[in-house]
Amino acid sequence: MAGRKRKLLPSAEDGGCSSECKPAERNMDHREQSHYFSFRGPQGRLGTEFFHQSCIHLAKAFLGKVLCRRCADGSELRGRIVETEAYLGGEDKASHSAGGKRTERNTAMFMKPGTIYVYPIYGIYLCMNVSSEGEGAAVLLRSLEPLKGQPTMRHLRTARRKEGARLLKDKELCNGPSKLCQALNIPRSFDRRDLASDPEVWLEGDPDSGSDSTQPQDIVCAPRVGIQSHGEWAEKPWRFYLRGHPCVSVVNKEAERLSLPGNVMKRWSQSEVQSDAGQLHIKQT
DNA sequence: GTAGGGATGGTCT
DNA sequence: GACCATCCCTACA
C-alpha cells in the first residue's frame, strides 16, 4: 500500500516536549489564554477519590474538568474536557475489555480507577482513556477546549501535517481523541500511569466552577462514535458532550433534540462563534 | 461547510 | 489476514 509521507512526531516516545516548546512560545501572552472562557487558574489536583465512580458517572464528571500536562521544560499545557465516552467492559461489546477479556494492551483498564490507558489506533494514532470503577471499565477522552499553551499545541499538531497546510484554529487543536494526545504530547509510555499522582499529567477542577459550573442540562448524551460494527452496543447513549461547544468532535443533532435542554442559562452557540485570524471568540448567552 | 475516500500499522483471531 | 474507539486532504455545494 503506497502511503503518504508524513513527518514523525519528534518527541512522541519520550513523553517530554522540551524540544517542541520554543522559548518565545513559552512566554505567556494573550494568545495562550482561552478565547472561549475566562481562565481563572488551578482549582487543585483531583485525587484518587474522584475517580472512584461508575464509568458513566465518571464520564459525565470529567466534563468541564481540566487536563494538565507538564512538559520536560516545566511549561504547562491545559485543556478543558468537553467530550467523553464510557466503555463499561464486561457485556459492553464495543469495549476493548468486552467479556472480561484482558490482554497486554488493555491491562490498564483493569487497574485502579484513575489509571491512564493509552493505546494505538489505526497504526499511527493514540487514544487516551482513564479507568473507572467496574471491571475493565474506562472513559475515553475525546475532545478538549485548549486553555493554555495553544502555540505549543499547534506546533505539536502541525508536526504530522503536510507542509504548507493551513493554520489550525484553536478549536481544531484538540477536537478528537487522537488530536488531544498529539496536542498535549501524550505518548504511549503514559499507559498505566496514575492520573491522581503522576507528576507529568493530572486533572484539575473546573476553573470556572462557582458561578457557572457545568449543569446537567448542558450535557448531551449520544451514541458513541466509530463503533457501528458492534450492533446494539453502538446505540447506547454513552457519549457525553457539552451542548453547543465548538470543540466537540462530532455533533449529533438528533441526540440534542432528544436530550431537551430545559432552562439552560448558559449555552454555547455556534452562531456566536466568531473567527479572527485563526483564533476564536465566543459569547456566552 | 460537509461528504467521501485513502492512509496507516498495531492488535487480535 | 482482517479489523480498527481516527485523521487529513480534496472536491463540491
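No hydrogens, no waters, no symmetry mates; every other heavy atom, side chains included, goes into these values. Below, chain A is the first sequence line, B the second, and so on; all start at residue 1.
Between A:Arg239 and the phosphate of C:dA5, there is no side-chain N or O to OP1/OP2 separation shorter than 4.0 Å. The phosphate of C:dT6 (OP1 or OP2) has a side-chain N or O of A:Arg142 nearer than 4.0 angstrom.
Salt bridge A:Arg78/A:Glu204: present, at least one basic N to carboxylate O contact under 4.0 Å. Here A:Lys60 does not pair with A:Glu85 in a salt bridge; the nearest charged N to carboxylate O distance is not below 4.0 Å. Salt bridge A:Arg166/A:Glu172: present, at least one basic N to carboxylate O contact under 4.0 Å. For A:Arg239 and A:Glu83, the salt-bridge test passes: some basic side-chain N is under 4.0 Å from an acidic carboxylate O.
In this structure, the separation between CD1 on A:Ile227 and CG on A:Asp92 is 7.0 Å, given to the nearest 0.5 Å. With rounding to the nearest 0.5 angstrom, the CG atom of A:Leu126 is 11.5 Å from the CE atom of A:Met128.
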Pair A:Gln53-A:Ser132, side chain to side chain donor-acceptor pair (under 3.5 Å): steps then yes or no: CA-CA 6 Å; A:Gln53 304 188 49; A:Ser132 70; over 6 Å; no
Pair A:Arg154-A:Asp170, salt bridge (Lys or Arg N to Asp or Glu O under 4.0 Å): steps then yes or no: CA-CA 8 Å; A:Arg154 185 169 288 109; A:Asp170 277 8; 2.6 Å; yes
Using nucleotides 10-13 of chain C, report all nitrogen or oxygen pairs with the protein that are shorter than 3.5 Å.
from   : atom 1 : to       : atom 2 : distance (Å)
C:dT10 : OP1    : A:Lys162 : NZ     : 2.8

Check the interface with nucleotides 10-13 of chain B: list each N/O to N/O pair with the protein under 3.5 Å, or write none.
from   : atom 1 : to       : atom 2 : distance (Å)
B:dT11 : OP1    : A:Arg188 : NH1    : 2.9
B:dT11 : OP1    : A:Arg188 : NH2    : 3.1
B:dT11 : O3'    : A:Arg105 : NE     : 3.4
B:dC12 : OP1    : A:Thr103 : OG1    : 2.5

Identify each atom pair where a protein N or O and an N or O of nucleotides 1-4 of chain B are less than 3.5 Å apart, giving names and distance.
none

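A straight line from CD1 of A:Ile227 to C1' of C:dC3 spans 15 Å, rounded to a whole angstrom. Taking atom CD1 on A:Ile124 and atom C1' on C:dC9, their separation rounds to 13 Å, with Å as the unit. Between A:Met128 atom CE and C:dT6 atom P the separation is 16 Å, expressed in whole Å. Counting to the nearest Å, the P atom of C:dA5 and the CG atom of A:Leu88 are 16 Å from each other. Distance, A:Tyr125 OH to C:dC3 C1': 17 Å, rounded to whole Å. C:dC8 atom C1' lies 12 Å from atom CG of A:Asn175, rounded to whole Å. Regarding A:Asn129, its CG atom lies at a distance of 11 Å from the P atom of C:dA5, rounded to whole Å. What separates CZ of A:Phe240 from P of C:dA5 is a distance of 18 Å, to the nearest Å.
Taking a pair as Watson-Crick or G-U wobble with both distances under 3.5 Å, the runs of three or more consecutive pairs in DNA chain C are B:1-7 with C:6-12, B:9-12 with C:1-4.
The minimum heavy-atom distance between A:Ser178 and A:Cys127, with the atom names listed, is OG-SG, 3.9 Å.
Sorted by first and then second residue, the ring-ring contact (aromatic ring centres under 6.0 Å, His included) pairs with a member in residues 156-179 of chain A form an empty list; sequence neighbours excluded. Sequence neighbours left out, the pairs with a member in residues 54-95 of chain A that pass ring-ring contact (aromatic ring centres under 6.0 Å, His included) are A:Phe50-A:Phe62.
We find that the ring of A:Tyr122 and the base of B:dG9 do not stack by the test of centres under 5.5 angstrom and planes tilted less than 30°.
Side-chain contact, A:Tyr241 with A:Glu256: a donor N or O sits under 3.5 Å from an acceptor N or O.
Relative ring orientation between A:Tyr119 and A:His96 is described as perpendicular, the plane-to-plane angle rising above 60° on a 0-90° scale split at 30° and 60°.
Here the side chains of A:Met111 and A:Tyr117 are not in contact, with every heavy-atom distance at 4.5 Å or above.
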